[in-house]
Amino acid sequence: MLELGEDEKAKYPFMADAGKYLKEQGFTLEQFGTDPDLIPIVEKAYTRIHAACEMNKDYESEIIQNQVSNTGSLPREVFSFLLSIVLLKLTGIPTLARRFALSESMRAEGFLTKDLKNISSDENELPIKIIEDLFSIKIKKQGDFFIIPVVDYIKHSVHFHEREWKLVNRHVENGFVYLKADKMVRLFRIELGKYINSKISSGKKPSMIPGFEDIVERLISYSKKFQSSFVTTGEYPPCIKHAIEVLEKGENLPHSGRFMLATFLLSKEQSVEQIAPLFKNAPDYNERVTLYQLNHLAGTSGSGTQYSCPSCEKLNTQNLCFATSECDNIINPLQFGKKRK
Amino acid sequence: MQAAEINFLEDSFKKYYFEHFDLIRVPERTSEREFGYQKFNSGMTRHIQIKDDKELHLLFMQNVPSDVYCSNAYYTFPNLPMNEKDWKGADLIFDIDAKDLNLPCREIHTVSICNECNNVSKNSIQCSKCNSTKLEKKSLPCKNCIDASKTEVLKLSEVLVDDLAVTKENIQVYFSGNEGFHVYVYNSQFQEIGSRERSELADYISLRGAIPETFGMRKFKQDRTAFPDFDEKGWQGRFAKQVFGSKSKRSKIITELLANSYSSFQKTLDNVSENIGVKIDPNVTIDIHRIFRLPGSINSKSGLVKIFCENLFKFDPYVEASFLNNDSVEVIANCPIEFKLKNKKFGPYNNEKVSIPTFAAVYMICKKLAKIA
Ligand code: SF4
Ligand SMILES: [Zn+2]
Ligand SMILES: [Zn+2]
């Protein structure tokens, strides 16, 4: 873990070790549910989640001019973030977590851009270290630009669909891509969101903290707003329906999810041409690559081997299984709906 | 192909492999590669793991393959089916083929073989004998084709070295054995990236997908200083050299560009990319599971060898890639176009019986333009 200054903890609260921070400040989580002086901070966390999910900028941060405004505000900033994480864990609704993570990452992006712009040429400065720490990528300052190895750039830029992000539209020299501070930080938005999301979704769901029940209830009913109205026919198993939903919303489906979906549909005798449009909404859609990959899976190119749909067990370990009672007793999604005795 | 031709080709190939095994270049990390081969008139055998030269030699001697392939990828288990191989990485690879260069000479040295009556005629859309439109095209690439392909290889090397920091020693150029070149890149930062990322590299190298802003043209708030400088690195500099021609003309041309519309700039840009972008086949570069003709092996489309080019500038495939012997053979040749091999001219032949050296006979038989007499 990086050693962070006070301002940095407020700006990048996801970098702080939550347990350690609470202890240092002399608090336990339970206190926040009962101590009347602390309850407003839980309320503040609720507001923070709400504002994040609405994607609105007017969450009242106490950070002004890239610094914490006064002494009391630092702990409030960090606590409200840590409590947001706890609340989201207790609520257990992925949509809320994703929206929160994305919005928090955009907020941090703003701070990180400003901090990056302000550094001298010293490579050991904090913003550069944060990027190195979170994404294992070493960027360097060069004149007005920041440079990143081409390979690291494309690994991230392929997730963008604006043409501006294509490598061909960047200045490339001697194995490096040249970017201004804002673009450099923007490059990591998705990863930063994932990182924050992992703080929420990793580990077991904690048991309810007395005093938090109400707010968790409020979050659950608030989340109904984001429930998808998408309907699929009964013939597809929940894992497949879920993957289709994710794609239709234009969200990112991990590689393993795409593999499952494609191999499933190919086994159902759908053609590569029928399946390809499904991926059109994905943030990193590329027609040439999609067709290549589908043909590869279908065995119509190269090896000639058709890939088969992974087992339910495998999908479960990849967090792609959303089993319902209808999945009873099957070991592969392809068996879904076929009666088995 | 009939048995007589197959026997003849197999004998000639076997002799080559026996005498010139030293020309076979086994890639590094041999045992992590997937090998495959084909025999005349039969399908592909893939998913073969080869430990060393000795095993490879055995494969050649036992099977007398028409073509041998090796993956640019390396796997933990190259002999298992594709989805169990465990892909670990792949050398970057580029295919430059004369047939993709839209050269005007191509028309002249392409022949059409009728699938119905086997009649051979100069390039046409219909058989001159039976009017069938089921024609197979064979090209006998000329010097111009080879030179144009070389130019693309040089352009490619420049981008690889200057922009992508590949060292010269890690670039290896091979004549493909037929109409172009295969360029291998070893030990680059790109060994472990997948298709999606390789597609970005391919677009970069061929200057595809560029937007006007990248080269200084804006829709609003135009700015003269945004246009690239003559000495700039990367595509910006190459663009400047191509479009401005000389430093002194830069200013005048920028004024012209600004006076024209944004959309006409996009057209200029498309033109520039057609001219200076490197003409690689993107589908080859993005394919990370493909097997490629093994360096040093014979290409059965021509009987020429996929050979390493020490000196690309001087390289002449029709001298340096032709390794078969001079023993003379009698063939019925039906080749309406003249060609040159090992500095000797052959053809045109009009369905006639001729006695020619083995290397020339093999070339024509591989192109389906001759039969054993
Ligand atoms: S049990 Fe199998 S079919 Fe059902 S959701 Fe999970 S993976 Fe899909
Ligand atoms: Zn005919
Ligand atoms: Zn030509």
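Lettering of chains follows the sequences in order, A, B, ..., and the numbering in each one begins at 1.
Between R288(A) and D203(B) a salt bridge is recorded (basic side-chain N to carboxylate O distance below 4.0 Å).
With a 6.0 Å radius and a threshold of 12 heavy atoms from other residues, nucleotides or ligands, Q222(B) has its CD atom above the threshold. By the 6.0 Å contact criterion, CD on Q242(B) is enclosed, its count of non-hydrogen atoms from other residues, nucleotides or ligands being greater than 12. Around NZ of K39(B), the count of heavy atoms belonging to other residues, nucleotides or ligands within 6.0 Å exceeds 12. Around the NZ atom of K301(B), the shell of radius 6.0 Å holds no more than 12 heavy atoms that belong to other residues, nucleotides or ligands. Within a 6.0 Å radius of NZ in K88(B), other residues, nucleotides and ligands contribute more than 12 heavy atoms.
Between R208(B) and V168(A) there is no side-chain heavy-atom pair separated by less than 4.5 Å.
No part of L160(B) comes within reach of chain A, as not one of its non-hydrogen atoms sits under 4.5 angstrom from that chain. Heavy-atom distances place no part of E213(B) under 4.5 Å from chain A, backbone and side chain included. Using a 4.5 Å cut-off between heavy atoms, E232(B) contacts chain A through its side chain alone, with no backbone atom that close. Only the backbone of D162(B) comes within less than 4.5 Å of a heavy atom of chain A; no side-chain atom from C-beta onward does. Both the backbone and the side chain of L164(B) come within less than 4.5 Å of a heavy atom in chain A.
In terms of heavy-atom pairs under 4.5 angstrom with chain A, the leader among F190(B), Y204(B), W235(B), F215(B) is Y204(B). Taking chain A as the reference chain and counting heavy-atom pairs below 4.5 Å, the highest number among G36(B), G194(B), S199(B) is found for S199(B).
Smallest separation of non-hydrogen atoms from K166(A) and G209(B): CD-O, 4.1 Å. In terms of heavy-atom proximity, E164(A) sits nearest to I211(B) at CA-CD1, 3.9 Å. Closest heavy-atom contact between W165(A) and E200(B): O-OE1, 4.4 Å. Taking every heavy atom of both residues into account, P149(A) and Q189(B) meet most closely at CB-OE1, 3.8 Å. When all heavy atoms of V158(A) and E197(B) are compared, the closest pair comes out as CG2-OE2, 3.9 Å.
Residues of residues 265-278 of chain B lying under 4.5 angstrom from chain A, judged on non-hydrogen atoms, are Q266(B) in numerical order. Within residues 170-183 of chain A, the residues having any heavy atom under 4.5 Å from a heavy atom of chain B are, by residue number, R170(A), H171(A), V172(A), E173(A), N174(A), G175(A), F176(A).
Here NE2 of H255(A) is found 8.5 Å from CZ of R196(B). Values are rounded to the nearest 0.5 Å.
A side-chain N or O of D287(B) and one of Y292(A) form a donor-acceptor pair less than 3.5 Å apart.
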